[in-house]
Amino acid sequence: IIKSMKIAVCVPCRDHVSAESFQAITMALIQGSHFWKKRFPGDETKFCLITRQRAHVHLARWEIMVEAVNTVNADYLLWIDDDAVPPADTLERLFKHDKDMVVPVFTSRTIPVYYPYSHIVDTTSTGPKMRKINSEDIKEIPPCLTKIGTSGFHTLLMKRKVVDAVLVET
């Protein structure tokens, strides 16, 4: 049994965080910290929050990543964008898969998560037209872990070896 593990919760911030995001992220931090300390009860276990305010979020992410690697020496990085509204048990849900990188499927930025209305271009007619799609038009999200090719950083959990592999390439 592993007795200690370090995680950095990485939240890049812009100028404004909505009350709904703030509340959801705070709840995810509280519940995530409890889960982490219970899962890894050793004295060396760390659960750290790292934030940076930057107009350009990619620069904030880079600065956060440097601190997570060099200062915290994190084994895991949990990324949550400042406009995310994650469920309180996000860390536990993602961690249970034991993958190098795992992302949840969010279909909205509100709780409860639901399929939002959006617009797509219908090119089957003589000219492009906008049409609304609703939940009946969207294929069911698989109930199990599914391999995908790419993801944004909205919310994701990654092992340190993912960061190390990227840094080797830069």
- Task: Report the distance from atom CG of Leu77 to atom CZ of Arg61, rounding to the nearest 0.5 Å.
- Result: 12.5 Å
- Message: Just verifying a value: how many Å separate Asp83 CG and His16 NE2, rounded to the nearest 0.5 Å?
- Response: 10.0 Å
- Ser33 side-chain N/O to Leu29 backbone N/O, donor-acceptor pair under 3.5 Å: no
- side-chain contact (heavy atoms from CB on, under 4.5 Å) between Gln23 and Val85, intermediate numbers included: CA-CA 8 Å; Gln23 180 181 11; Val85 184; over 6 Å; no
- Task: Kindly state each residue pair satisfying side chain to side chain donor-acceptor pair (under 3.5 Å) with at least one member in residues 157-169, sequence neighbours excluded.
- Result: Asn73-Arg160, Asp98-Lys159, Asp100-Lys161, Arg160-Asp164
- Message: Taking Trp62 as the starting point, is it possible to reach Val72 by hopping between hydrophobic residues whose side chains are less than 4.5 Å apart?
- Response: yes
- Ile25 side, atom CD1; Ile30 side, atom CD1 - distance, nearest 0.5 Å: 12.5 Å
- So CG of Asp75 and CE of Met158: to nearest 0.5 Å the spacing works out to 14.0 Å
- Item | Flag side-chain contact, heavy atom, 4.5 Å: Thr155 against Thr90 | yes
Which donor-acceptor pairs under 3.5 Å do the side chains of residues 41-48 make with protein atoms, sequence neighbours left out?
| unit_1 | atom_1 | unit_2 | atom_2 | d |
| --- | --- | --- | --- | --- |
| Thr45 | OG1 | Lys3 | O | 3.4 |
| Thr45 | OG1 | Met5 | N | 3.4 |
| Thr45 | OG1 | Phe40 | O | 2.6 |
| Thr45 | OG1 | Gly42 | O | 3.3 |

- Message: Would Arg14 and Asp82 count as a side-chain contact (heavy atoms from CB on, under 4.5 Å) here? Give the steps.
- Response: CA-CA 7 Å; Arg14 296 169 192 87; Asp82 65 348; 2.4 Å; yes
- Item | Partners passing ring pair (Phe, Tyr, Trp, His ring centres under 6.0 Å) against Tyr76 (at least two apart in sequence or in another chain) | Trp36, Phe95
- Gap separating the CG atom of Leu94 from the CG atom of Leu156, nearest 0.5 angstrom: 8.5 Å
- Item | Flag side-chain contact, heavy atom, 4.5 Å: Ile80 against Cys10 | no
- Linked, directly or transitively: Ile50 and Val66 (ILVMFWY side chains, under 4.5 Å): yes
- Query: Take atom CG in Asn70; do more than 12 heavy atoms of anything else shown fall under 6.0 Å from it?
  - Reply: yes
- Joint hydrophobic cluster, Met65 plus Met101, side-chain heavy atoms closer than 4.5 Å: yes
- Item | Residues which pass ring pair (Phe, Tyr, Trp, His ring centres under 6.0 Å) with Phe153, listed by chain and number, not counting sequence neighbours | Trp79
- Item | side-chain contact (heavy atoms from CB on, under 4.5 Å) partners for His97, two or more places apart | Lys99, Val102, Leu145
- Test applied, side-chain contact (heavy atoms from CB on, under 4.5 Å); reference residue, Leu157; option that passes from Ile7, Val9, Val162: Ile7
- Are Arg52 and Val11 side-chain neighbours, meaning at least one heavy-atom pair lies under 4.5 Å? no
- Item | Side chain to side chain, Pro12 and Ile64, heavy atoms closer than 4.5 Å | yes
- Test side-chain contact (heavy atoms from CB on, under 4.5 Å) applied to His56 - qualifying residues, sequence neighbours left out: His58, Leu59
- Message: Under a 3.5 Å distance rule, please check whether Ser21 uses its side chain to pair with a backbone N or O of Ala84 as donor and acceptor.
- Response: yes
- Over all atoms of both residues, closest heavy-atom pair of Pro86 and Ala24: O-CB, 3.5 Å
